[in-house]
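Counting starts at 1 for both ligands and their atoms, in listed order. Remember, predicted model here, so these are calculated numbers, not experimental data.
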Amino acid sequence: MSDKKVRVRFAPSPTGGLHLGGVRTALFNYLFAKKYGGDFILRIEDTDQNRYVEGAEAYIMDCLNWCGIIPDESPVTPGKYAPYRQSERKSIYREYAERLVMQGHAYYAFDTAEELDKNRKEIPNFQYGQVYRDGLRNSLSLPQHEVDQLLANNTPHVIRIKIPADETVSFTDMIRGRVSFETNQVDDKVLLKADGMPTYHLAVVVDDYLMKISHAFRGEEWLPSAPVHLLLWNYLGWKADMPQWAHLPLILKPDGHGKLSKRDGARLGIPVYALDWEDEQSGTTTQGFRGMGFLPEAFVNFLATLGWNDGSGQEIFTMDELISKFSIERISKAGAKFDFEKARWYNAEWIKKVKGERLKAAVKKILEDKGITIKNDTYLLTVIELVKDRCTLLSDFYPQACYFFESPKEYDLNAVKPKWTEEKTAFFNKVIELQKTVEQIEAVELENTFKALAEEKGLKAGDVMLPFRIMLVGGKFGPHVFDIAALLGKEETIGRINKALVVFNN
Ligand code: GLU
């Protein structure tokens, strides 16, 4: 590591919901920055106005907030390199593009969209580059006086980089090692558009330079852009300041075949967004991890393991542990398969791990949304502690906890009725009678009484415990049945036995 201050950036384009791969990119940047006491910057790359989606920027910030990936500098918390939205930096970029033209590393191109379309149709694999550029309308092919005239007339034009022929450009990627590209494979990318907006290629280089970015983690899909960026760093004379790159492995579909796309979410019924994403155009909402009942701790933990491990077999990490254990050496080059079952496993583990208090607000909302009124937070907390080990998703708290707040509306009669007898009715009436005499139900005492009574009546304890559970809960699930009765309390337990006896004897 050089002694340069670590400054990393997450630079999403606000073109829609942030795919979980994007959140992982943000996370890895963040972990690296925090590990080395550096800054994590959020820069919004919104120069492509055609792809701009209203609400996407706010959504990105909500996602980062939910995950606890908090930027040190961002459009809403600007630092000294403001502004942090590229559209607001528009006036900065032209100077650099013009400088490249002056140096002969870029040129003006006057071709209209129609002319370019025609070329694309007529010439297979057409690329604006060294093979065809001389036959096109640009400042390299046209005579100088004509170029001057076109510019004087404000003829719409773009500025393109002039990719050199027959060169090899290389850099050392922090994950992949030495990576090389042949310039003959690269086309003359547009740097500045006709409307004066920079393209991604120019803006990313200029801003990484001006914002003093030291390291950059980004998705592998940006690797093909690297040669353009390398040349720009070089031509602009900033090579010594170029950030160190790390291109993260792809996140693959669950079957390992190809990159996980936003469309796979809908196709496979798995979330690919952190938060619910409302697409205004189609009017559809795609459920994200949060809406599905994930804890951010679990989501972040899961994301961190998509392409990284600490080598010890440890699977559960807090954010602080991730920060201290994160290392580039342990990021794999190979794509990471998205395994939704594993994500669910992380969530279940995290629900077990956190204190009930941490879950209280979310569980309260889930229950209240289902029409349950929570009158007593202490009671809610006890319920949460009792059932949380049985929940994989936060939404599971409804089926797992609702019966602590309202008596079952339905009973699993198939589990009771076929073996229901008069003896069992008598048994439960006796249980009621005995419980009426106690001050309050104690789980252990009730269990002892219950078992002794069963023996006295010649019944197997198991044969009456299941119906008892169904009386209290409605189904064959939940924690220890005597714990449930104790928590429900004497009145409620007796009431539920009475109510169920009517149904069972019907
Ligand atoms: N704006 C690019 C994106 O949308 C950033 C790529 C990069 O990090 O260089 O992901």
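- Under the 30°/60° scheme for interplanar angles, the aromatic rings of Y273 and W277 are found to be tilted.
- For ligand 1, the atoms closer than 4.0 angstrom to any heavy atom of V204 are 9 (O).
- Ligand 1 places these atoms under 4.0 Å from at least one heavy atom of E45: 1 (N), 2 (C), 5 (C).
- You'll find the ring centres of F171 and H229 outside the 6.0 Å limit.
- The single protein non-hydrogen atom nearest to atom 2 (C) of ligand 1 is A11 O, 3.3 Å, given as residue, atom name and distance.
- The side chain to side chain donor-acceptor pair (under 3.5 Å) test with E45 is passed by exactly one of R85, Q86, R9: Q86.
- Checked for salt-bridge contact, R7 and D39 meet the test: a charged N lies under 4.0 Å from a carboxylate O.
- When only non-hydrogen protein atoms are considered, atom 4 (O) of ligand 1 lies nearest to S13 OG, 3.1 Å.
- With atom 3 (C) of ligand 1 as the reference point, the heavy atom nearest to it among W222, W245, Y200 is part of W222.
- Less than 4.0 angstrom separates some heavy atom of R218 from each of these atoms of ligand 1: 7 (C), 8 (O), 9 (O).
- The two residues L136 and D111 have their closest heavy-atom pair at CB-OD2, 3.4 Å.
- Using bins of under 30°, 30° to 60° and over 60° for the plane-to-plane angle, the ring pair H215/F32 lands in the tilted bin.
- Put simply, part of R9 is less than 4.0 Å from ligand 1, judged by heavy atoms.
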